[in-house]
Structure formats: structure tokens, C-alpha cells
Novice: 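Please read through the structure below; I'll follow up with questions.
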Amino acid sequence: MSDEDTVEDTVEVAAATPEQAQPYAELGLTEDEYATIRGILGRRPTAAELALYSVMWSEHCSYKSSKIHLRRLAPTPEQSENLLAGIGANAGVVDIGQGHAVTFKIESHNHPSFVEPHQGAATGVGGIVRDILAMGARPVAVMDALRFGPADAADTARVLPGVVSGISFYGNCLGLPNIGGELAFDPCYAGNPLVNALCVGVLNHDGTRDDLQEAVARGAGNKVMLFGSRTGPDGVGGASVLASATFADEEGKSAKRPSVQVGDPFMEKILIECCLELFRAGLIEGIQDLGAAGVACATTELAAGGDGGMRITLDDVPLRDKTLNPAEILMSESQERMMAVVRPGNLDGFLEVCKKWDIEAAVIGEVTGDGLLTMTWRGGTVVRIPPRTAADGPVYDRPMARPRDLDELRARDPDELPRPRSGTELRQTLLALLGSPELGDKAWVTRQYDSRVRGNTVLAAPEDGGLVRVDEETGLGIALATDGNGRYARLDPYAGARLALGEAYRNVAMTGARPVAVTNCLNFGSPEDPEVMWQLAQAVRGLADGCAELGIPVTGGNVSLYNQTGGTPIHPTPVIGVLGVHPDVRKRVAAGFAADGARVVLLGTTREEFGGSAWAHVRHRHLGGLPPTADLDTERIMATVVASAASAGLLASAHDLSDGGLAVALAESCLRGGRGCEISLQDMGSSAGAGSASSAGDAFTALFSESAARALVSVTPGREDEFAALCDSRGLPARVLGTAGGSSLVVSGVFSIPLDELRRTWEAPLPALFG
Amino acid sequence: MSRVIVDVMLKPEIHDPQGDAVLSASRRLGFGTITSVRQGKIFELEIDGPADDAALAAARELAAELLANPVIEEFTLRSAE
Amino acid sequence: MSRVIVDVMLKPEIHDPQGDAVLSASRRLGFGTITSVRQGKIFELEIDGPADDAALAAARELAAELLANPVIEEFTLRSAE
Amino acid sequence: MVTFPGSLDDTDAARAVRYAGAEPVPLWHADRDLRGIDAAILPGGFSYGDYLRCGAIARYSPVMSSLVPAARKGLPVLGICNGFQVLCEAHLLPGALTRNARLKFIHVDVRLTVAGAGTPWTRDYATGQELIIPVKNGEGAYVADDATLDALERDGAVIARYADGAPNGSARDIAGIRNEAGNVVGLMPHPEHAIDPLTGPSADGLGFFTSAVREFAGARV
Ligand SMILES: Nc1ncnc2c1ncn2[C@@H]1O[C@H](COP(=O)(O)OP(=O)(O)O)[C@@H](O)[C@H]1O
Ligand SMILES: [Mg+2]
């Protein structure tokens, strides 16, 4: 847009024209923020500086509303024992022993995925993969946690298939197995789907060779390299920026800039291989991926993390569109780009590797010693700022208020809902849950994902946790799960975060792995709404307390705010990812009943807990009461029991209980193993108090309550006593329910459902909706 | 029976990795004079009745609703003899 | 600088699931008069120099070698003004 | 083992070769040198992003300019998924692979019936043997004109079929074919993902690799 003859807004021009009006509000800065910037610089910012501050100080990049709360997540020394990098790095890194370290992180791409589902979701995967790569790791797997409006809503038919095809297209083409994720539906996400993507990578960390990379620009004279795709107008600003006086040259003539970024997974794939080769050859001093806020963010963060300053020649940025001006170059969100700091002596080697992979690379500047980030364009200085002032951004302590409707919501007790009583009704209830989009088979989605590529996937969806082999010799592996439940968090955000943590932890534990670290994506409404801020603060507190109880650290994450339709925020939805270490993946445990005659055992305690349950949601579209109690002590004990039992070979299967409770878990273990079971509910549902153990009311609680910290296992035939003794020694409640085998799910005296019928019902919902 | 052809191209400012890949392949094959490639989609529609305004209007509506993604693409109509 | 457009279509005897999917979607949307849809690819080439025979020849060669797979596809050239 | 930019299942196929008892030799797409290999595998993936047509751009890489004549002279070549697509584009095999019938990428374990056990890649199987092997592709529907299909069937050049119907719309449920001489084989499903029940649905795919290894072990004696 800037013609040769337009005068560029340089630092000198800015100093000489202090009164010139600037479109700070259109760029999303408040009057106070604008004044702060003027104060920092001692003059008005140039157009390029304004663009840079506006993106760096955006909620997305600066965490200005959430930072004050996120501080709670800082791990204690005890929690960070094996932490090589934590919050503040591109992604946290955990030492898993045997010379391996693992880095993982989850990130949102909610808004882009609503505008253009396919490309939005695809570039979401691309972005999180580059974060992992920037730590020096080879990305080895991805996961996706998805939430949409009602499954049968017209817009869901537009958004869901597009999001899934985008994740499939990008992840498959990158050669990263998709090992799991989530799929949930709720009217609260109708205008605002949640698309959270997780990536995990593995790096060497063995004393002789350490692949860990840092996002820093150190050493005056070192070169700043931009490599990968060319910079185009992708994602620049949006209408408000373009409508502004400064950014459009002539009324009406301003080229329309797209806010949609298009992903190029092939470029990302060769970029990954190129970076890994650069790391191996030791050619890089510091590296940063380009995500939101592109060159502005990468230069600022590298410079802010370094020991000097940085000088950039914007003319040297390889452009796809020659008409971009400095502000646009800085803000462009073109995908598949990385920035590295390279010693002059390594420059030739660096370029050689890039050439081998057919990756375009350019020297765009160098590290200086003056403490400033300086950028020039056509000979003029268009940016000169102290980089930390842009990288750190403001911190807000926004007002908080407990939601006015919370008491009313909690008073809406699920006890008032009509409960199934007879065996026939209970049978129907189970089939209705299994046949719902919420709880039905997710294969319509997961069949579009390659879960096998790289040949190390031991468990993937629909197992509780994904499990990936890291070392072929020893069988060392990593397990991952993501979980979140917006309904629970809506009823109680503190408990909701702990429940999500507990569930992800439990899912990882079910594979036989030991949970070791946490990442999280906090999806909330507008921070300017005090009720949303209260939810956020509660959820963060819940997560922090929960992690402390479990003794594992939060290693990183992402906050996505402004998730709302009109004035209505989504349910607060903290999505928690847990990483586990599996000592030997050959001893993994899966969810399906694997042996005829195996004793089926329920671990944990069942209480009458239906607030926010799948039953209330699917059968009655009801949300009220209190969510289940998060029992992290039991989660912890259960994880150690399952890990010991798995390594001793005591378990034929293990499956966590969550949405839909025991009934759904039983059905899933039957379907997954291709084997029925016969169980009895004698004495269950005890805390329902009086009433005889065999009454249908108790059967309902036993089957559909969603008490946390429970699991359904089957025991290797012949090892029953050992397993019982193990549970006993750890004080873990373990109730024998019956045995696996046969071709029906039989609950004695209540109902019997042939596997065929279960399977038909379970497989039906998504194909019926999406073809 | 009439035939209408709908050409769908990415908007000029939208990144076209496919076109770029074809361009670099064509360079490797020695087609040095080709300086840019953009890849799009083409739909040949057969419509009941003559190639009149009504047929074109139907094609245009279909293109806008289904064939092109207005967020990133634009389309043009041609009527084939 | 000249522009040549290459249209690549599946040969008529080759099954076109994309076209069929568009056809059934168009039926669902109520476009009853559309009786057949075939989907193809379009390549817009920019070629150094005038739109002369040499430019067309280069485009034809590229189409034959790279843009179309002769086993299943056929192509036509157009020169764009 | 050829690696194109965008090859993905190359490490997996190399592992399968190791499991079969041979040494995988990496070949880089930009090198013409075949490094004295006994057999070549073109692995799955998305070479060059599969942006034009799957395999269309890889076909013109330098390594293919050496591989195509070597294959014509009898070098055993196995193309898996994307590799199959490259072999068709390079006209080492007839026909072409097109978009899946339902237009979506599909990853599913399928039952295959071995139809031609006589190639260097299938000797360890019996004709009629059933295998459980994953398919995963977006453009896996094999097409060719009827005359070509008839010829393939007449010559016994169809080496594997989908036993329960093609999940991707392949003509006549064809999952894999060989060339006339039998040394070049293209296969849509991924045997390298079925070499160990720990990481795949079975170990049924290993036979493709042991077949070739046995061939050379024998030849050298
Ligand atoms: N919910 C959270 N919990 C913990 N750390 C967080 C959270 N959200 C963000 N972070 C951390 O803040 C830093 C900046 O996050 P982000 O802007 O998403 O990274 P990037 O710049 O790589 O996109 C990262 O270290 C990230 O892990
Ligand atoms: Mg980052």
C-alpha cells in the first residue's frame, strides 16, 4: 500500500509531528495504553511502532488480563524437579529420563476456526507444532480438543466437518500421528466453537548432547535469519485497521487484506526437517517460531530475551506481496515461518542446510549491543523501542464478580429430574446416552486422522490416553490426554478445573503411565465481564491447587478470551492436558475387555452425583446443581495402583469412568474388546442411603452417577488375589462387579443388551448427522 | 439442456501453496518463462433447459452458496456452447 | 507478460466423486434444474513475454507433462486477455 | 528407501526392512545415485505436499530418473500409498489413483486378500491368504480404463484386493498391482504399519519385506 512517493512515518517524522492523530483505538489499544506508549518512547509512536505495540499488547499476546492470575501456576521446587523449561518458554520441557526430554503444549485457534473452519483449524495445528519445534524438539504427535454448538445445528454442519478436515489435512500431511482429543457439543459454543490443538515433541537431553533451544538473541554481531514461507498479507489487522486513516492511502482504494491465513503443511514439514538438521549441526544460537503477531512478536521476544538489542532491515524480509508496508510486514501472520539467531561464522552452513531443504532464508538484521530494537525501511528508521516494553505489556487486575445466576443455577437440583426406575428404563437410558452425539462413537472424526505414521503409536483414540513409544530398545514412552467439562466448570469453575485435571490425569494413568506434567488452555468469555474474570480466577486457582495436590507442575499453556456470542460468554472451559511417562509401552493397558473370564472390578467410590452430568444434559438438557467432588487424593492413589498393576501384568484392561458413569464405561469396554460382561450391582450406590441395594433407584446411581476418581478394570485371570491385595494395601476401594465374556452387556436383574445392538446404537449418531 | 462453467479461484491476496508448488516444479522442469501459477477449480454444470438468464442465475446462486467459499475464493461464470 | 489458462478435466469415462458430491449437495439445496456436475482444475499461468505461439507452446508442454495426467485427464488451453 | 520432501512413512518402512533382517539404505530425492541397493521402496506420505496430484511432482525428481530405468531392468520396487501414486505417475504401473469415493481422508484397518503371491514382494504369502493391514489415504481409489483392468486381471497382475469392499472406491476392489515383469509392485494399504501388534493391528504386513529380503539372501548364496 505504501507507494514509493508516500513519506514513511519514521522516528524523526514522529518526533516532529507529535499531534498527528493515530488510530490506536482501531488497533485495539485503550487511551491509557496509548499514553503509556507515548510515555515510554517520549514521543508519539510511528505507524510501525503503533502496529507493533498493538499486537504485542493485545490480549492474545500479552495475557494482560490473565497474567496476574496465572502467577499462581508457578510450580514449587518440589513440582519442578524434572522441569527443564517451564512457563515463559514457547513450551514447557520435562526430563523423562534415559537421556530423553519431552515438550508439549496446547493452544487455541477458536476464532479463526469459526471464520474459516478448514484453514482456521489447519493453521492452529501448524502454530502449535512450531512452538514445539522452537524448543529444539522433533514433534511426534498431535491431539485436538474440539467443542461445537448442538450437533444438529445448521452451523455445526458447516463448522465441524471443516475443522476436522483442516486438522486431518494439516496433521496428516505433516506426518504427525493424531493420538486423541475431545469432541463435545453444547449450545454455549454455537457461535464460538473451541478448537484447541496440542503437540508433543521429544528431544535429546543426555549430557553429551542437549537439543534444548532458547528464544533469545544474544551476541552482538550475530545474524537474525527469517526462513520458511514468504511474508504476505495474511491475517493483517482486519477491517478496523484498514479503515484507519494511517493505514489506507486513499479512501476506498485500500486493498482488502484478508484475515484468513492459509496453511501450507508441506512447507511446515520441510521446515521441521530443516530446523532439526540445523539444531543437530549446532548452527543456531536462538530460535523463535512466528505465530500470532509474526515478525513483530518474534523480533521483540528474541530481543527482549537477549542481552543486547537488535537491528532489522525490513526491506530484507522476503515478501509474497511487494505492496506491504512496514506495519503490515510486522503484523502479518503468514504461516510456516521461523526466526533464528546465527553466528556470522555459521551463516554459510545455515544457508546450506536451508538450500538442501529448499527453504528460503534471508538475513534480515543482526544482534546489537545498544539495548534497542531498531527497524529500518527504505533508509528511514521506522521502529526504535526498548524491546522489553513491548514484550512485557501491561498487567490488569480486572474487576471480578461472582455470577449473579450461580446460586439459582446451583439450586436447580438434578434430583428433581424424573429418573429411570425399571430395568427397561435404565436400558433405554444407556442406549440413549450411547446413541447421542456427545457419547457416541467418534470414528467419523478420528478415521480422518492418521494415528499410525512414525510407527510408534501404541494407543490412540478411542483409548483413554494416547501412548507413543519414545525408545524402541527400552520401551520408554509417553502418554497424553486432554480433558475439560464446561458444564462442571459453569456450575463451579474451581471444581471444574480440578475435575478436568483429575480426568486427564486418570486417563493418562489408565495406560499404565505415571502422570508427570500439565499443560492447559483456558477458554473463557470476555475479561471485561467481571463474572468471566471471576470464573477465570476460580479456575486458575483450582488448577493450581489441584496440581499442588498431585505434585505435578503446569509447564505452560494458553489463554483464549472473548469467547462469546453477542453478550453471552461460553461456559468457562479450562481444557487440561496431562503428560505421563510410561516405563515400558509393551506393558500398556487398554480399555477393552481383553480376556474371557477376567474379573471386572470397579475402583473408587460412587456417590449420588448428577450435577452437570451427561445424563442430565443428554436426557433433559438440564444444567444445575453442583458438579461431582474432585477427589485428587484418590486419583493419585489409583494412578499408582494401576501403574504397579500394569507393570506386574495384573491388568487385562483399564478404563476410566467419566461422562455417563459406570454404564457408559462398561459399554465402551465391551465394544472395544468385542466381548460382553456380566455384572451385578449388589450393594452399590451406597451413599444413596436407605433403600434396598437392589432397588432400581440405586441401580440408577450405580450406573449413571459421575463421581470422579473411579475406573473400571478387568484383572488378568489367575492374578485376582494379587490385585485385590494391591488395592487393599493402598487403601483403594475396589469392588468386584462380575466377569468379562459373552456377547451381551448383562447387568444382573436389571437389563441385558446384545453387543450388536450396543454397537449399532453407538456408531449411529455422527454418520447420521454428517454423512 | 445448457452448459455453464464456473471458474473458482482463490482471491489474489490469498496464499496459494498449490500454485507455488506447481511453479517450482515447472522451474525444475526447465520452464523458465513461467513466472506465476495460481490453481483453482472448475465446475461444468449441465442445466435443464436453454442457456437463458434463469440458467445463469441458478448457476450463479449455486456458485455463491456452494461452489466457492466467499471467505477466500471468488468465481466467474461462462456459458459453454 | 501474458496469461494462459489451462483447464484440466477428468476424461468423461472416469468417475468423478467430487462432481457427484456437488450434484447431490445442489439437489439438497433445491437446485433441481442442475442435472450433472463435473469438477476439474484450472491453472492460471503467467508467462514472460507476449501471448504468442511460443508462450502457448510452453503452456501446452507444461500441461501435458505436469498439469494433467493423461491416463485420466484431458486439458484445454485458453489465453486470457 | 527413497525420501522425497514430504515423505512421511519412510522411517516406518525402514523399520520394517530392519525387522525383516535387511539394512535400509536412505536415498535422497535429489541424488541420482542408487548406492548399490538390491531393492527400492517408495514410502507413503505427501511428497511435495501432493499439491498437484499425488506423486505428480515427485515423479520428476533426480532419484526417479535413475530408478525408472533400473526398475525397467528388473530392480524390485515397492511403492506404498504415495509411492504407488509415484509409480503410476511415472508410468511404471498402469492406471492412476484418484480421490476417495467419499472425498475424505480415511484411516481404517482393512482385510486384504493376497491375489498374487508370485512377486519378489509377496513370495512369503500364499495366494488367497488374508491380511489385516491399515489403509490411510485421501486419494487411494485406483482407476484405469476397462481394457487395462481386464488385462490386469487376465495377467494376474492384481496382487491384493480389499476383502470387504474398497473403503476408497477402488475399481474392482484393487488394493495392489504389479507390472508385467512382476518386479514393480504398488500397494495402497500400509504393510509397514502392520509389523508388530504393539503398534499396528497385526504383524501381517511383514511378509512384504521378508519376501524381498529372502529373494536377495537366496540370490547371493
Ligand atoms: N494457561 C496458562 N498456563 C500456564 N502458562 C501459560 C498459560 N497460558 C500461557 N502460558 C504461557 O505463557 C507463555 C506465552 O504463551 P503464548 O503466547 O501462547 O506462547 P507463544 O508465544 O508461543 O504463542 C508460554 O510460556 C505459555 O506456556
Ligand atoms: Mg511460541
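Letters A, B, ... mirror the listed sequences (proteins, then strands); counts begin at 1. Atom set for the values below is all heavy atoms of this structure, side chains included, hydrogens, waters and symmetry mates excluded. Everything numeric in this text was worked out from a predicted model, so none of it was measured.
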Novice: Among the options Leu67(C), Ile14(C), Asp20(C), pick out the one with the most heavy-atom pairs lying under 4.5 Å from chain D.
Specialist: Leu67(C)
Novice: Select one option (side chain, backbone, both, neither) describing which atoms of Glu73(C) are under 4.5 Å from chain D's heavy atoms.
Specialist: side chain
Novice: Count the heavy atoms belonging to other residues, nucleotides or ligands that lie under 6.0 Å from CD of Glu180(D), then report whether that count exceeds 12.
Specialist: no
Novice: Which heavy-atom pair separates Pro17(C) from Arg99(D) by the least distance, and what is that distance?
Specialist: CG-O, 3.9 Å
Novice: Is there a side-chain contact between Asn69(C) and Glu89(D) in this structure, where contact means two heavy atoms from C-beta onward sitting under 4.5 Å apart?
Specialist: yes
Novice: For atom CZ of Arg102(D), decide whether the heavy atoms of other residues, nucleotides or ligands shown that lie under 6.0 angstrom number more than 12.
Specialist: no
Novice: Check whether Leu52(D) gets within reach of chain C through its side chain, its backbone, both or neither, counting any heavy atom under 4.5 Å.
Specialist: both
Novice: Where do Val71(C) and His91(D) land on the side-chain contact (heavy atoms from CB on, under 4.5 Å) test, with the steps shown first?
Specialist: CA-CA 9 Å; Val71(C) 177; His91(D) 307 306; 4.2 Å; yes
Novice: Is a side-chain N or O of Arg59(D) found less than 3.5 angstrom from the main chain of Leu66(C), in a donor-acceptor match?
Specialist: no
Novice: To the nearest 0.5 Å, what is the distance between CD (Glu13(C)) and CG (Asp146(D))?
Specialist: 9.0 Å
Novice: At a heavy-atom separation under 4.5 Å, does Gln18(C) approach chain D through its side chain, its backbone, both, or neither?
Specialist: both
Novice: With a 4.5 angstrom heavy-atom cut-off, which part of Lys41(C) approaches chain D: side chain, backbone, both or neither?
Specialist: side chain
Novice: Contact part of Asn100(D) toward chain C, heavy-atom cut-off under 4.5 Å: side chain, backbone, both or neither?
Specialist: backbone
Novice: With a cut-off of 6.0 Å (strictly less than), are more than 12 heavy atoms of other residues, nucleotides or ligands near CZ of Arg172(D)?
Specialist: yes
Novice: Relative to chain C, which segment of Thr98(D) carries a heavy atom at a distance below 4.5 Å: side chain, backbone, both, or neither?
Specialist: side chain
